[in-house]
Novice: 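So that we are looking at the same thing, I have put the structure below in C-alpha cells.
Computed from a prediction, not measured in an experiment: that's the story for all the values here. For reference, positions follow the sequence shown, starting with 1.
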Amino acid sequence: MPLTPSSTRGIPETGAIPKHIAIIMDGNGRWARKRFLPRIAGHTQGVEAVRGTIKACIERGVSHLTIFAFSSENWRRPAEEVKLLMQLFLVALEREVTGLHENGVRFRVIGDISKFDPKIVDFVQQGEALTAGNSRLNFTVAANYGGRWDIMQAVRKMIAENPDSAANFDEPDIARHLALADAPEPDLFIRTGGECRISNFLLWQLAYTELYFTDTLWPDFDASALDEAIASYRKRERRFGRTSEQIAGQQENKNTVSNEDRV
Ligand code: IPE
Ligand code: IPE
Ligand code: MG
C-alpha cells in the first residue's frame with residue numbers, strides 16, 4: 001500500500017476543507033433515554049446520522065471519513081446491548097453497502113473483527129471487495145478497534161516482516177503497518193455527545209489533528225452540525241510545531257522550501 005506523507009510534516013492551507021474527518025459517534029443511549037426509548041433505538045437512529053454524514057462529506061469534497069462504531073472497550077457493556085449492536089451492524093451492512101458502491105464510496109473496516117459473527121465478517125469482506133475500486137469517499141468503520149491495539153498489531157507486523165527491525169526501527173516502519181496506513185492523518189476529529197476524550201480511538205494518527213467536541217447527540221448530528229465543525233476547523237491555524245509567522249510566510253509563498261524539507 002502506498003504511504004501518504006504524514007500530515008504532521010505537510011502544512012494544509014489554513015481555511016481548507018479537511019481531507020480526512022474522524023468521528024466518535026457518541027450519545028446514542030442518551031438520545032434514546034430522553035425519549036423514553038430503549039438504548040438500541042438511539043443506535044438505530046445513529047445509522048441514519050451516518051448515512052447523512054457520508055452524503056454531506058461527499059458533497060463537501062471530504063476524501064476520507066472514519067467513524068468509531070464499536071471500541072475494544074465496548075465489550076464491557078451489557079451482553080444484550082452488545083448483541084443488539086452486532087445485529088444492527090449486520091443489518092446496516094446488508095442494507096447500505098450497495099448504496100455506498102453506487103455512490104462511488106470505498107468501504108473498509110479497521111479493527112479486529114475476527115471476534116464478530118462470521119456472517120458480519122463475510123459481509124465486510126464482500127463490501128470491501130465490491131467497493132475496492134471506488135475513490136469518491138474513503139469511508140472506514142472502526143469496529144472492535146482500539147488505538148493501542150492498532151499500534152501493537154503494527155509493531156507485530158513490522159517484526160514479523162523483518163525480525164531485525166525489532167532492534168532498529170523508526171516511525172515510518174510502524175506507521176506503514178497501521179490500520180489507516182494509506183490514508184492521510186485525520187485533519188479534523190469530531191466527538192459528539194459532550195464528552196471530551198479520545199476513548200482509545202486513533203491514538204497514533206490523531207497526534208496533530210484538530211479536535212472538535214460538541215454536545216449534539218450523535219443521532220441529531222446532521223449536515224449543518226457537520227458544517228459547524230468544518231467552519232471551526234477552517235478558522236484554525238495548524239502549525240505543527242512552527243511559529244505563526246512561519247506559517248503566514250509559507251501561505252504567502254507556497255514555493256518557499258522550508259528547512260524541514262531541505263533535510
Ligand atoms: C455511542 O453511543 C455508540 C456506541 C458506543 C456503540 P453510546 O451508546 O455510548 O451513547 P451514550 O454515551 O450512552 O449516550
Ligand atoms: C466511544 O464511545 C466508542 C464509540 C463511539 C464506538 P463510548 O461511549 O463507549 O466511550 P466512553 O467509554 O464513554 O469514553
Ligand atoms: Mg457513550
Side-chain angles (χ1 to χ4, degrees), residues 21-55 65-100 105 107-128 131 139-153 179-180 189-203 206 213-222 225-226:
I21 299 181
I23 306 183
I24 296 189
M25 314 180 290
D26 198 14
N28 295 351
R30 279 163 283 164
W31 183 92
R33 197 170 61 211
K34 268 174 46 183
R35 289 163 179 76
F36 305 101
L37 294 169
R39 291 177 58 83
I40 190 66
H43 298 313
T44 306
Q45 196 58 35
V47 176
E48 299 302 315
V50 173
R51 194 185 295 124
T53 302
I54 291 172
K55 182 166 175 277
L65 171 67
T66 304
I67 59 165
F68 207 3
F70 191 86
S71 76
S72 42
E73 288 73 30
N74 285 143
W75 295 108
R76 296 172 185 157
R77 293 194 175 198
E80 184 61 16
E81 178 164 350
V82 171
K83 197 177 101 189
L84 291 172
L85 278 169
M86 294 296 156
Q87 280 172 6
L88 185 63
F89 191 27
L90 185 62
V91 170
L93 282 166
E94 269 178 300
R95 286 199 190 143
E96 308 290 339
V97 167
T98 314
L100 292 177
V105 175
F107 163 75
R108 269 180 294 183
V109 169
I110 55 170
D112 182 9
I113 58 163
S114 65
K115 309 263 181 324
F116 286 10
D117 182 331
K119 267 193 275 176
I120 295 184
V121 178
D122 272 0
F123 271 114
V124 166
Q125 284 169 352
Q126 283 172 30
E128 288 182 340
T131 64
F139 172 58
T140 304
V141 177
N144 194 20
Y145 177 88
R148 291 182 179 177
W149 166 84
D150 196 2
I151 295 168
M152 284 199 322
Q153 67 81 30
L180 284 176
F189 161 97
I190 299 171
R191 182 172 186 144
T192 61
E195 313 292 353
C196 298
R197 54 183 177 244
I198 305 286
S199 298
N200 199 15
F201 196 23
L202 304 159
L203 296 181
L206 292 175
F213 298 94
T214 171
D215 288 336
T216 302
L217 303 174
W218 176 251
D220 293 327
F221 192 85
D222 58 10
L226 179 70

Novice: Write down the atom of Y145, the atom of A179, and the distance for their closest heavy-atom approach.
Specialist: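 Nearest heavy atoms, Y145 then A179: CE1-CB, 4.4 Å.
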
Novice: Please lay out, stage by stage, how V97 and F123 fare under the test side-chain contact (heavy atoms from CB on, under 4.5 Å).
Specialist: CA-CA 9 Å; V97 167; F123 271 114; over 6 Å; no

Novice: State whether the side chain of N74 and the backbone N or O of S71 hold a donor-acceptor pair below 3.5 Å, judged by distance alone.
Specialist: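 Yes.
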
Novice: Taking side chain as C-beta onward, heavy atoms only, is Q45 less than 4.5 Å from R35?
Specialist: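 Contact flag for Q45/R35 side chains = no.
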
Novice: Evaluate the side-chain proximity of L84 to Q87: yes if any heavy-atom separation is below 4.5 Å, no if none is.
Specialist: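 Yes, side chains in contact.
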
Novice: Give a yes or no on whether the backbone of V109 and the side-chain of E128 come within a donor-acceptor separation of less than 3.5 Å.
Specialist: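 Flag set: sc E128 to bb V109 pair under 3.5 Å.
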
Novice: So, does W31 use its side chain to make a donor-acceptor pair with the main chain of G42 at under 3.5 Å?
Specialist: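 Here the side-chain-to-backbone pair does not exist.
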
Novice: Can you list the steps and then say if F70 with V141 is a side-chain contact (heavy atoms from CB on, under 4.5 Å)?
Specialist: CA-CA 9 Å; F70 191 86; V141 177; over 6 Å; no

Novice: Does the side chain of R191 reach to within under 4.5 Å of the side chain of F201, using non-hydrogen atoms?
Specialist: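 No; the side chains remain at least 4.5 Å from each other.
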
Novice: I need the F89 CZ to I113 CD1 distance, nearest 0.5 Å.
Specialist: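 It is 6.5 Å, given to the nearest 0.5 Å.
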
Novice: Just verifying a value: how many Å separate L93 CG and L88 CG, rounded to the nearest 0.5 Å?
Specialist: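 Going from the CG atom of L93 to the CG atom of L88 covers 9.5 Å.
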
Novice: As an exercise, state the distance from CD1 of I67 to CD1 of I23, rounded to the nearest 0.5 Å.
Specialist: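 Output value for this atom pair is 7.5 Å.
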
Novice: Mind checking whether F189 and I24 have side chains closer than 4.5 Å, heavy atoms only?
Specialist: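 Yes, their side chains come closer than 4.5 Å.
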
Novice: Taking all heavy atoms of T66 and all of L202, pick out the closest pair and write down the distance.
Specialist: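 Closest pair (atom of T66, atom of L202, distance): CG2-CD1, 4.4 Å.
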
Novice: Side chains of V47 and V91, heavy atoms from C-beta outward: is any pair under 4.5 Å?
Specialist: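 They are not in contact (no side-chain heavy atoms under 4.5 Å apart), so the answer is no.
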
Novice: List the steps and the verdict of side-chain contact (heavy atoms from CB on, under 4.5 Å) for M86 and D117.
Specialist: CA-CA 8 Å; M86 294 296 156; D117 182 331; 6.0 Å; no

Novice: Would you call the rings of F107 and F139 parallel, tilted or perpendicular if under 30° counts as parallel and over 60° as perpendicular?
Specialist: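 If you compare the ring of F107 with that of F139, the planes turn out tilted.
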
Novice: Minimum heavy-atom separation for L217 to R30, with atom names?
Specialist: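 Closest pair (atom of L217, atom of R30, distance): CD1-C, 4.1 Å.
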
Novice: What do you reckon, is CZ of R51 surrounded by more than 12 foreign heavy atoms closer than 6.0 Å?
Specialist: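 Yes.
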
Novice: Any chance CZ of R148 has more than 12 other-residue heavy atoms, nucleotides or ligands included, within less than 6.0 Å?
Specialist: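 At most 12 heavy atoms, drawn from other residues, nucleotides or ligands, come within 6.0 Å of this atom.
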
Novice: At what distance, to the nearest 0.5 angstrom, does CG of D150 lie from CG of D112?
Specialist: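 Rounded to the nearest 0.5 Å, the CG-CG separation comes to 11.0 Å.
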
Novice: Which heavy atom in F68 sits nearest to a heavy atom in S199, and how many Å separate them?
Specialist: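 Minimum heavy-atom contact is CE2-O, 3.6 Å.
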
Novice: Minimum heavy-atom separation for E195 and D26, please, with both atom names.
Specialist: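 Between these two residues, the closest heavy atoms are CG-OD2, 3.6 Å.
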
Novice: Are M25 and V50 close enough, and set up right, to give a side-chain contact (heavy atoms from CB on, under 4.5 Å), and what steps lead you there?
Specialist: CA-CA 9 Å; M25 314 180 290; V50 173; 3.5 Å; yes

Novice: How long is the span from the CD atom in Q125 to the CD1 atom in I120, to the nearest 0.5 Å?
Specialist: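 Separation between the atoms: 12.5 Å.
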
Novice: Restricting to non-hydrogen atoms, name the atom on T131 and the atom on V105 that form the minimum distance, rounded to 0.1 Å.
Specialist: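 T131 and V105 have their closest heavy atoms at CB-O, 3.3 Å.
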
Novice: Could you state the interatomic distance from CG (N200) to OG (S72), rounded to the nearest 0.5 Å?
Specialist: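 Here the interatomic distance stands at 5.0 Å.
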
